[in-house]
Structure formats: C-alpha cells, structure tokens
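Working notes for the structure below.
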Protein chains: 2
Amino acid sequence: MSDLLFSLPGYALRRAANAMMAELAKRLALIDLHISDASVLMLVAGRDDMTSSDIGRLLDIQRANMVPLLDRLSAAELIDRLPLNRKSLAVVLTERGRAKLAEVMEVTMNFERELLHRIPPEHRDHLVPALNALWH
Amino acid sequence: MSDLLFSLPGYALRRAANAMMAELAKRLALIDLHISDASVLMLVAGRDDMTSSDIGRLLDIQRANMVPLLDRLSAAELIDRLPLNRKSLAVVLTERGRAKLAEVMEVTMNFERELLHRIPPEHRDHLVPALNALWH
DNA sequence: TATTGTTATACTCTATAACTATA
DNA sequence: TATAGTTATAGAGTATAACAATA
C-alpha cells in the first residue's frame with residue numbers, strides 16, 4: 001500500500017510541481033519576485049489593454065487576490081495602471097518593469113531548459129501535451 | 001510574450017497540479033479528509049513501525065507540520081500512536097482507520113483512472129516517468 | 001443586470017526557530 | 001551529538017462574501 005502511493009500519477013504530479021515551484025521561487029527571489037509576479041509581468045508584456053480581471057481569468061487567480069499582487073508590483077514601480085474607461089484600469093509595464101522582465105526571461109528560460117534536460121529524452125516531448133490535457 | 005508563458009513546461013506543470021489537487025481535494029472532502037490525510041493513511045497501512053518523522057521524510061512534510069495533521073487523524077480516531085521506545089511513537093491505523101482507508105482507495109483509484117484517461121493515449125505512459133525525473 | 005475594483009476575512013499549506021527528552 | 005516530538009509563529013496562496021461605481 002505504501003508503494004502504491006508513490007506509483008500514482010496524481011502523487012507524482014503533486015511532488016514534481018512542489019519541487020519545481022520551490023526551486024523556481026528561490027531563483028525568482030534573487031530578483032525580488034514571487035512566481036505569480038513573474039507570470040503577470042510576462043502576461044502583460046507588450047500590451048496596454050489587460051485589466052486586473054483579465055489577468056486573473058487567464059492565470060486562474062481570483063479578482064480579490066489580484067489586489068495585493070498588483071499593489072506589490074506597483075510599489076516596486078514595475079507596473080502602472082492606466083484608465084481604459086471610467087470603470088477599468090489597464091495594467092502596463094513601466095520602464096523599470098520592462099527591465100525587470102528581461103531578468104525574468106533570463107531566469108525563466110534557464111530554469112525551463114534545465115527542467116526539460118532532467119527528463120529522459122524519450123519522455124521529454126510528451127510532458128507538456130500530457131499536462132495540458134489535465135487542465136486545458 | 002503572453003503566449004510564451006502558456007507554452008512553458010513549468011507553467012503547465014503548475015496549472016495541471018493545481019487543477020488536479022482542487023479536484024482531488026473536493027472528492028476527499030466528501031469522506032472528511034484532506035489530501036495529506038489520505039496520503040498518510042495509505043503510507044502507514046499494514047505497518048506498525050512508522051514514526052511521525054519517518055512519514056514526514058517520505059512525504060516531504062516538515063516534522064512540525066506533522067503535528068496538526070496527526071492530531072486531526074487522531075481526533076477522528078483513524079490512527080493510534082504506540083510507543084516504539086521511550087522517545088518515538090509508531091503511527092498505526094485503528095479499526096476505523098482501516099475502514100476509512102477502504103474509502104480512500106475507492107476515491108483514489110477512480111480519480112487516478114479518470115486522470116489518466118484524460119491524457120491522449122500516445123502521451124499517457126510517459127507522464128509518470130517524466131514527472132518522477134523532476135523530483136526523484 | 002453584469003462586471004470591475006476593492007475590502008475584509010479565513011483557511012490551508014508551508015517554513016523556521018527553539019525547546020525538552022531520549023537515542 | 002543527533003534525533004523525536006512539540007510549540008509558536010509567520011509567510012504565502014487561496015476562497016468567499018460583500019460593497020460602490022460603472023458597463
């Protein structure tokens with residue numbers, strides 16, 4: 001029964017995700033970002049029409065939980081919020097935000113390359129399609 | 001750049017794990033268990049020599065965080081704690097714990113079967129080996 | 001009526017430090 | 001010296017309800 005647990009796809013998925021997140025969080029902490037911060041910076045890059053609600057829907061983050069996240073990015077002067085109309089605000093990168101995004105890209109791309117490299121070649125190309133089938 | 005995020009293995013891993021955990025948590029809540037509770041029940045099944053520290057090491061849960069978890073299982077009378085020596089306690093299933101384990105197995109096996117079934121056949125057998133390479 | 005942004009709140013999971021007692 | 005069990009605490013992520021203002 002003990003061994004059964006470690007053979008379950010769900011358990012392997014959980015442990016792999018936890019290990020990956022812990023490692024990525026450490027690397028992003030070196031540039032003073034949370035994982036969700038980095039996702040938001042990548043998502044709004046080159047756009048000027050994404051609202052807080054839009055971002056939340058795309059990243060599966062509740063509207064209410066976007067508030068402290070965007071406050072944090074705003075306090076670090078990485079984003080501005082520009083009125084789209086009298087109700088909505090667009091989240092856009094500042095100059096400093098674009099510079100930080102370049103750091104995010106370097107950390108992320110190195111990390112993702114190392115991640116894939118740990119997977120035996122015969123399984124490598126199957127991971128993303130298999131994972132996407134579980135949440136798309 | 002926005003599209004890049006959704007193509008990253010790390011991001012797919014995170015979203016797939018979150019979706020899986022949310023679904024599993026819902027099903028286990030129907031039998032009044034947290035995900036970690038179910039893991040512990042499966043791990044100690046048929047054994048009488050696993051300490052809290054042993055379980056924590058195997059499941060990657062800090063010793064300190066095992067305390068409320070085992071207190072919860074103990075309060076539900078699913079486990080007993082028997083002295084192994086004057087320092088350590090073995091976590092063992094009670095009669096009620098063995099009955100609950102049977103429910104856990106039914107929920108878990110149905111869930112894992114459905115999970116695998118969502119993955120296209122050509123990718124299915126690659127998921128667990130790929131995931132295991134990321135944390136083993 | 002539905003949606004946006006927000007406040008308040010609570011719960012789970014996780015991480016660290018420190019302490020006592022025993023190996 | 002190292003390990004087991006525990007307490008206390010803090011940070012991070014997440015979920016829900018409610019509100020005012022605007023679409």
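By convention in this document, chain letters (A, B, ...) are assigned in the order of the sequence lines, proteins followed by strands, and residues within each chain are numbered from 1. For the numbers below, each heavy atom of this structure counts, side chains included, while hydrogens, waters and symmetry mates do not. In this text the structure is predicted, and so the values were computed from the model without any measurement.
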Distance-only donor-acceptor check, side chains A:R15 and A:N18, under 3.5 Å: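 No donor-acceptor contact under 3.5 Å links the two side chains.
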| Would you say the side chains of B:S39 and A:R14 form a donor-acceptor pair under 3.5 Å? |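 Looking only at side-chain atoms, A:R14 and B:S39 do form a donor-acceptor pair, the distance falling under 3.5 Å.
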Protein heavy-atom contacts under 4.0 Å, written 5' to 3' over nucleotides 5-15 of chain C as B (base), S (sugar-phosphate only) or - (none), form the string BBBB---SSBB
- Task: Just say parallel, tilted or perpendicular for the rings of B:Y11 and A:W135, cut-offs at 30° and 60°.
- Result: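 Rings of B:Y11 and A:W135: perpendicular, as their planes differ by over 60°.
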- For A:R81, salt bridge (Lys or Arg N to Asp or Glu O under 4.0 Å) partners two or more places apart: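 Salt bridge (Lys or Arg N to Asp or Glu O under 4.0 Å) list for A:R81, sorted by chain: empty.
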- prompt: What residues form a salt bridge (Lys or Arg N to Asp or Glu O under 4.0 Å) with B:R72, not counting sequence neighbours?
  reply: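 So B:R72 forms a salt bridge (Lys or Arg N to Asp or Glu O under 4.0 Å) with B:D37.
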Which side-chain N or O atoms in residues 55-63 of chain B pair as donor and acceptor under 3.5 Å with protein atoms at least two apart or in another chain?
from, atom 1, to, atom 2, distance (Å)
B:R57, NH2, B:D54, OD1, 2.9

Q. Got a sec, which residues hit side chain to side chain contact (heavy atoms under 4.5 Å, CB included) with A:L115, two or more places apart in sequence or on another chain?
A.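 A:L115 satisfies side chain to side chain contact (heavy atoms under 4.5 Å, CB included) with A:M20, A:F111, A:E112, A:R118, B:L134 once adjacent residues are dropped.
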Quiz item: Within the distance-only criterion (no hydrogens, no angle test), does the side chain of A:K100 pair as donor or acceptor with the backbone N or O of A:T94 below 3.5 angstrom?
Solution: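 It does not hold such a pair.
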Between C:dT20 and B:R86, is there an OP1 or OP2 to side-chain N/O distance shorter than 4.0 Å?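 So the side-chain polar atoms of B:R86 never come under 4.0 Å of the phosphate oxygens OP1 or OP2 of C:dT20.
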Which is the 5'-most and which the 3'-most nucleotide of DNA chain D that has an atom under 4.0 Å from a heavy atom of chain A?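 Contacts span D:dA12 to D:dA23, reading 5' to 3'.
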